[in-house]
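In what follows, a structure is listed as structure tokens, so that the remarks can point back to it.
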Amino acid sequence: MSQSQNEIYTTEFLVGVLAGMLVGGVLAVWYAPQSGQTTRDNLARWFHNQTRMVAERVQGESVAQSLETGRAIAHSHRAEQAKRLPAG
């Protein structure tokens, strides 16, 4: 296969990826279950609750202890999410 043929295939592939991203983005916005503002508010509330929970758990600990507690919390959250995701 010639280099110009490779360049054509690469260009076509990139155009296809960009078109897919555009269509996917439009469909995601179109079928979103709630408004963007509501989603941002929910994420902000979730983040605030998570940081408050971590702050309460590490209060009065040294930096090393706080880091270890934070790692343990992150590990438990990852394990929870892994259980929720389908295998495969």
Practice item. Before accepting this row, confirm whether a basic side-chain N of the pair Arg52/Glu56 lies closer than 4.0 Å to the acidic partner's carboxylate O. Key: no
Practice item. Begin with the C-alpha distance, continue with both residues' side-chain angles, and end with the deciding distance and a verdict on side chain to side chain donor-acceptor pair (under 3.5 Å) for Arg78 and Gln81. Key: CA-CA 5 Å; Arg78 278 193 298 269; Gln81 294 303 319; over 6 Å; no
Exercise for review: Look at the side-chain heavy atoms of Ile, Leu, Val, Met, Phe, Trp and Tyr, link any pair under 4.5 Å apart, and say whether Trp30 and Val23 land in one connected group.
Suggested key: yes
Check your understanding: Looking at OH of Tyr9 and CG of Leu14, how far apart are the two atoms once the value is rounded to the nearest 0.5 Å?
Key -> 15.0 Å
**Study point:** Rounded distance [0.5 Å steps], CD in Gln34 versus CG in Asn42
**Key:** 5.0 Å
**Study point:** Gln50 side, atom CD; Met53 side, atom CE - distance, nearest 0.5 Å
**Key:** 4.5 Å
